Amino acid sequence: LLVLLFIFLYKLGDSMATALATPFYLDMGFTKSEIGLIAKNAGLWASVAGGMLGGLWMLRLGINRGLWLFGVVQLVSILGFAWLAYENRPDKLLLAGVIAFEALGVGLGTAAFIAFIARATDPRYTATQFALFTSLAAVPRTVVNASTGWVVEQTGWFTFLLICAVLALPGMALLIRVAPWGDRAGDKTAQ
């Protein structure tokens with residue numbers, strides 16, 4: 001049950017923070033052309049780099065430590081969006097930096113998260129369990145994110161993004177039980 005809860009919660013904050021990315025950028029004063037140019041370019045390459053680096057770094061770190069470190073990067077990236085909301089001005093360089101850092105964090109976190117899910121499956125039922133686990137991980141993106149617009153209307157962007165950062169904490173706290181920092185015995189990548 002702890003593993004299932006972790007799978008549900010690990011990317012919840014990050015998923016909610018980016019659910020309304022384009023409306024957020026528009027409210028910050030960016031034009032659609034600027035969003036297309038900056039967000040797509042800064043995000044694409046950083047995401048690809050994050051996935052590749054995440055896979056490479058996990059060979060050295062192990063899955064458990066990767067989940068911890070990359071989870072912190074994801075959490076800090078949410079705070080980057082909160083900083084952008086706090087500034088509340090169309091600073092193109094700040095937008096590019098925040099988007100690139102968030103995409104890097106997503107790439108890193110996804111590499112560790114997928115490795116964790118793969119490790120958690122029973123070899124006899126790998127395909128079925130992997131499909132179920134990844135579907136469970138998508139629930140926050142499809143169900144919980146439906147409320148994000150309402151929460152933004154009630155709280156404003158800055159407070160909403162702080163709430164997203166707080167919602168990232170329970171998944172990180174579950175790492176203590178499901179992927180302890182010092183437990184490298186369960187890491188297939190560490191063997």
Side-chain angles (χ1 to χ4, degrees), residues 7-55 57 66-114 134-173 175:
I7 289 170
F8 181 83
L9 292 175
Y10 184 67
K11 295 183 83 56
L12 176 64
D14 184 63
S15 176
M16 283 185 68
T18 57
L20 298 173
T22 301
F24 170 62
Y25 304 147
L26 289 170
D27 282 356
M28 294 299 106
F30 296 99
T31 66
K32 289 181 181 179
S33 316
E34 291 170 334
I35 294 168
L37 182 65
I38 296 168
K40 303 311 175 198
N41 285 312
L44 172 66
W45 300 112
S47 181
V48 169
M52 290 172 53
L53 289 172
W57 287 343
L67 286 167
W68 282 90
L69 294 174
F70 304 158
V72 169
V73 172
Q74 289 178 144
L75 177 61
V76 171
S77 74
I78 297 170
L79 296 174
F81 283 109
W83 178 26
L84 189 61
Y86 180 79
E87 291 291 323
N88 197 18
R89 60 186 170 85
D91 182 334
K92 294 175 193 167
L93 190 58
L94 179 58
L95 177 66
V98 167
I99 289 172
F101 187 72
E102 191 271 337
L104 177 72
V106 167
L108 293 169
T110 300
F113 190 57
I114 295 300
T134 54
S135 296
L136 177 63
V139 169
R141 189 174 58 241
T142 55
V143 176
V144 178
N145 285 0
S147 65
T148 56
W150 181 82
V151 176
V152 169
E153 282 184 11
Q154 303 304 310
T155 64
W157 287 110
F158 180 71
T159 303
F160 166 73
L161 291 162
L162 292 180
I163 291 168
C164 292
V166 169
L167 289 173
L169 296 176
M172 291 296 295
L175 286 171

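Everything quoted here is computed from the prediction, not taken from an experiment.
- Rounding to the nearest 0.5 angstrom, the gap separating the CG atom in L161 from the CZ atom in F81 is 8.0 Å.
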Could you walk me through whether T22 and K32 pass the side-chain contact (heavy atoms from CB on, under 4.5 Å) check? CA-CA 8 Å; T22 301; K32 289 181 181 179; 6.0 Å; no
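- G105 and V73 get closest at one heavy-atom pair: CA-CG1, 3.5 Å.
- Applying the side-chain contact (heavy atoms from CB on, under 4.5 Å) rule to L79 yields the partners L162, A165; only residues at least two apart in sequence or on another chain are considered.
- Taking both residues in full, the closest heavy atoms of A46 and A100 are given as CB-O, 3.1 Å, listed atom of the first, atom of the second, then distance.
- Here S47 contributes atom OG and L108 contributes atom CG; the two are 9.5 Å apart, rounded to the nearest 0.5 Å.
- M28 and A85 make their closest contact through SD-CA, 3.7 Å (heavy atoms, listed as atom of the first residue, atom of the second, distance).
- The CG atom of L75 sits 11.0 Å away from the CG atom of L167 when rounded to the nearest 0.5 Å.
- One distance of note links CD1 of I35 with NZ of K40; it measures 9.0 Å at 0.5 Å rounding.
- Annotation: ring pair (Phe, Tyr, Trp, His ring centres under 6.0 Å) contacts of F70 (sequence neighbours excluded): none.
- The minimum heavy-atom distance linking A137 with F113 is given by the pair CB-CE2, 3.5 Å.
- Rounding to the nearest 0.5 angstrom, the gap separating the CG atom in L20 from the OG1 atom in T148 is 3.5 Å.
- Closest approach of G51 and A111 over heavy atoms only: O-CB, 4.1 Å.
- Note: M172 CE to L67 CG = 8.5 Å, rounded to the nearest 0.5 Å.
- In this structure a side-chain-to-backbone donor-acceptor pair under 3.5 Å is present from S147 to V144.
- Checked against side-chain hydrogen bond (donor to acceptor under 3.5 Å, both in side chains), S15 has the following partners two or more places apart in sequence or in another chain: N145.
- Partners of V166 under the side-chain contact (heavy atoms from CB on, under 4.5 Å) rule, at least two apart in sequence or in another chain, do not exist in this structure.
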Below 3.5 Å, can you tabulate the donor-acceptor pairs from side chains in residues 91-99 to any protein atom, sequence neighbours excluded?
unit_1, atom_1, unit_2, atom_2, d
D91, OD1, L93, N, 3.1
D91, OD1, L94, N, 3.1
D91, OD2, R89, NH1, 3.2
K92, NZ, E34, OE2, 3.2

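- Every side-chain contact (heavy atoms from CB on, under 4.5 Å) that L69 has, sequence neighbours left out, goes to L61, W181.
- Partners of W157 according to the ring pair (Phe, Tyr, Trp, His ring centres under 6.0 Å) rule, which considers only residues two or more places apart in sequence or in another chain, are F24.
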Walk me through it: do I78 and M16 pass the test side-chain contact (heavy atoms from CB on, under 4.5 Å)? CA-CA 10 Å; I78 297 170; M16 283 185 68; over 6 Å; no
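- Under the side-chain contact (heavy atoms from CB on, under 4.5 Å) criterion, T159 pairs with T155, I163, not counting sequence neighbours.
- Within the 3.5 Å criterion, the main-chain N or O of G71 finds a donor-acceptor partner in the side chain of Y10.
- Across all their heavy atoms, G43 and A103 have their closest contact at O-CB, 3.2 Å.
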Test side-chain contact (heavy atoms from CB on, under 4.5 Å) on F158 and N88 and set out the steps. CA-CA 9 Å; F158 180 71; N88 197 18; over 6 Å; no
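- For the side-chain hydrogen bond (donor to acceptor under 3.5 Å, both in side chains) test, no residue two or more places apart in sequence or in another chain qualifies with W45.
- Sorted pairs that involve residues 144-163 and meet salt bridge (charged side-chain N to carboxylate O under 4.0 Å, His left out), not counting sequence neighbours, are lacking altogether.
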